[in-house]
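So the structure is just underneath, and the comments pick up after that.
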Amino acid sequence: MCQTFPMHSFSAGTPAASAELLARAFAATAHMSLITDAQQNILHVGDSFTTITGYGADELLGRNCRILQGPGTDRAVVATISATLRAGDAFEGDILNYRKDGSPFWNGLKITPLRGLADEITHYVSTQSDINTRRAFQDTLRFQALHDVVTDLPNRRYLEQHLARDRTGLHAGVTAIGLININEFRRINEQVGLRGGDELLRALGRRLRNSAGEGVFLASMKGDEFAVVIDDLGSLRDSADIDDQLEVVLRRLHEAVERPFQVLGKSVSVSISMGVAFCPLDSDDIFNCLSDAEAALKAAQRGRHDRQRWWYVAPPVSDSGTQAIAISTTPRATQAERTLLNQRFEAHRWRLFNGGLSMYMQPVIDLRTGDLSRVEALARLILVDGTVVGPDQFLPSLDDAGHDELFRLGLDEALGCLARWDREGLSTRVSVNLSPSTLYDSNCTGWVKSALERHSINPSRLSLELLETQSAKSAVQIAAISGLRTLGVGLALDDLGSGHATLKRLSELPFDSIKLDRGLFASLNNRPLETLSMLATLTQMGRDFKVDVVAEGLEDARLAEAAVMLGVPLGQGYFLARPMPASSIPNWVAAYKFPLSAGTVTTALGALAYHWKFLRWESPHPLSLSACPLTDFMQRHTPQTSRAAALHRQQHEPFNALSTDGQQLQEWLVELVQDHAITRTDT
């Protein structure tokens, strides 16, 4: 597999010119690549290599390739590489390497010896393929197989996997399964059409997901039917406690339909029915509960005209056998109440476009340096009495024309703030939300261009965050996006991780920034490892696509510290900074101090994230025990003589196979995360 490498074959010019041409061509290749001399000292590196590893070319030239190896690099693989190259053969295989910042990554490595005219080895060419990208792609395919194409919620197959999981770790004796159906959905489809029906299902799915809360699994079954799985509902012996807990969850779910939906410019009111079945922890066939829930749903649908009841509960499975329970909720909104709600929406709409709009600013922080990266402009409605109203109270009242007007007014105010801050000595960037419906207007690019010129703002300082991205797929919308990018403004993909449709858009549209959906943290207390895995995978995806990554929803120190440990570049959330009036930003910047310290772990979740990022690549902790961020944390939470402290010390010993000690330390940290979550809830 060796190759002859005559420089003169690349050019009719001088050997030096030929070598220079080859080097420039080699540096531009998409793969991580480099050329070494016969002693494996680096002579040329590709641009992708420096981008992915974090090393600059000046830091690599003249040095040996071993600079990328670390404590978790398999010594047997290193020995095999050396033996293969000494024999004059090419090597191809996988190896664990380390970036400049110490984070590990797997490479598919190929090294080819190059021979001169005398058949002696003169150089080695190395190309490396990032296996993390392949894994991210596999995760994407897995997501598509397990999620509904319309709502992006888990599908029936995912639900069945969720029900078939090992349930022995649950603390309580009862799981409830519910089926939700939209009443008279066929009539609604006739009213708004199939496209409108899909839009309604997406909107309802989002509202249900936002209302469900922790410990609730939500899935899309078929068309207008959704499934809900609620674990840990207390003891089956105490039915009153179960009923109370269930009613709290179901009242939250009903919030999803308590205000009308705006569908293709029409206001659509929706009612739902639900059937619920209890499934004991020791049930031999939990799937029978689905059948019981279906029967309960039919009973609820038969009584849907009874305004005192919108869900129905089938008999729970117990030793004694109990009667069917029909739990009542408060009456559904009457027509008069709906009319009053619509009147309030109209009043909000009028006020919004008649002096009531104010763009609050929320800082986005560079988690690597602690500095301000940009601000996001967030629309707020200021009522006559000074009350500040959030977007969830006025956005539902807007049709497409209303969204267009809100975008124009909000953009103008946001850019005006940038211009004013410039005069005060503060220069930063701003992002503004953009509804996909606004992209249908042929004037969209012109509005942005005019606003930039009016305030003398360079287009590179503006980023537009595309909302509900799965809707932006028409030729008109894509042409508008292309026009905006030609203009020079940034384009951000909002809520990455909320569905496979948004992942598809990431590969199709020219985004330069992605924002990770705050919903990724919804199951943090129950499933911290899965949450960390998703966060790391999406961060890696952003690195692969060479775009900025922003983690939204960093509402406390735990989440922020975990994001820092996993290498998320940018963060946004209440822990870092709350939205504030634009006039407050300059003083806030002057006084701001980043609340986290580099190399320090203060929370259980941060400790778990630090350990997990090395364990998943089968790598020991790279720093010395005394310098490890986990050392001080462990000393504050457990005696040095404890089993957990011993497990941590073991992580600083080289190992090349999956470590049982590492897994045990991870389990201890997971329990600590969950214990801390319970403590936070109790206090």
Side-chain angles (χ1 to χ4, degrees), residues 192 196 199 203 206-207 258-269 338-362 375-421 430-455 457 462-468 471-472 476-477 480 484 489 492 494 579-585:
V192 298
E199 185 174 322
R206 284 195 298 272
R207 288 191 189 178
E258 289 178 355
R259 64 181 190 273
F261 294 84
Q262 291 295 316
V263 180
L264 303 182
K266 298 179 180 179
S267 178
V268 179
S269 296
R338 291 184 181 277
T339 300
L340 185 62
L341 181 64
N342 288 333
Q343 288 174 347
R344 185 167 74 247
F345 279 156
E346 288 303 314
H348 283 170
R349 176 189 173 94
W350 185 92
R351 173 65 182 165
L352 185 68
F353 298 132
N354 289 273
L357 174 64
S358 179
M359 301 303 287
Y360 273 41
M361 303 294 179
Q362 185 172 29
V375 296
E376 180 181 0
L378 301 167
R380 297 291 185 265
L381 171 62
I382 311 299
L383 301 182
V384 176
D385 63 1
T387 301
V388 180
V389 178
D392 59 322
Q393 297 297 311
F394 59 80
L395 285 182
S397 67
L398 302 183
D399 55 12
D400 288 351
H403 280 288
D404 294 350
E405 181 67 10
L406 176 60
F407 173 69
R408 290 196 298 270
L409 293 176
L411 174 66
D412 190 71
E413 183 174 332
L415 295 179
C417 290
L418 285 190
R420 184 169 63 254
W421 295 338
V430 68
S431 61
V432 178
N433 291 324
L434 173 64
S435 172
S437 63
T438 302
L439 295 171
Y440 280 111
D441 196 305
S442 59
N443 297 315
C444 179
T445 303
W447 296 336
V448 176
K449 184 173 184 294
S450 297
L452 290 166
E453 292 174 347
R454 185 162 53 253
H455 296 285
I457 299 297
L462 171 65
S463 181
L464 300 177
E465 294 189 11
L466 194 58
L467 303 176
E468 301 179 6
S471 300
V476 175
Q477 291 172 308
L484 291 169
V489 303
D494 202 6
M580 64 190 76
S583 59
S584 302
I585 287 291

Which atom names give the shortest non-hydrogen contact between [X] and [Y], and what distance separates them?
X    : Y    : result
L411 : W447 : CD2-O, 4.3 Å
L439 : A480 : O-CB, 3.6 Å
P391 : R380 : CD-NH1, 3.4 Å
N433 : F407 : O-CD1, 3.5 Å
Q262 : E199 : O-OE2, 3.7 Å
E413 : M359 : OE2-N, 2.9 Å

Open item on the list: side chain to side chain contact (heavy atoms under 4.5 Å, CB included) for V375 and W421? Distances and angles first, verdict last.
Closed with: CA-CA 12 Å; V375 296; W421 295 338; 3.9 Å; yes
TODO: Show the numbers, then the answer: is there a side chain to side chain contact (heavy atoms under 4.5 Å, CB included) between H348 and L381?
DONE: CA-CA 8 Å; H348 283 170; L381 171 62; 3.7 Å; yes
Task: Contact check, side chains of Y360 and P581, non-hydrogen atoms, under 4.5 Å - done: yes
Task: Side-chain touch E258/R207, heavy atoms, less than 4.5 angstrom - done: no
Quick one: pull up [atom1] in [X] and [atom2] in [Y] and give me the separation to the nearest 0.5 Å.
X    : Y    : atom1 : atom2 : result
S450 : L415 : OG    : CG    : 11.5 Å
M580 : L378 : CE    : CG    : 11.0 Å
I457 : L462 : CD1   : CG    : 9.0 Å
T438 : E405 : OG1   : CD    : 10.5 Å
L418 : H455 : CG    : NE2   : 9.5 Å
L434 : C444 : CG    : SG    : 5.5 Å

Task: Any residue meeting side chain to side chain donor-acceptor pair (under 3.5 Å) with R351, in chain and number order, not counting sequence neighbours - done: none
Open item on the list: For a side chain to side chain contact (heavy atoms under 4.5 Å, CB included) check, start with the C-alpha distance between F353 and L406, then their side-chain angles and the critical distance, and finish with the verdict.
Closed with: CA-CA 8 Å; F353 298 132; L406 176 60; 4.2 Å; yes
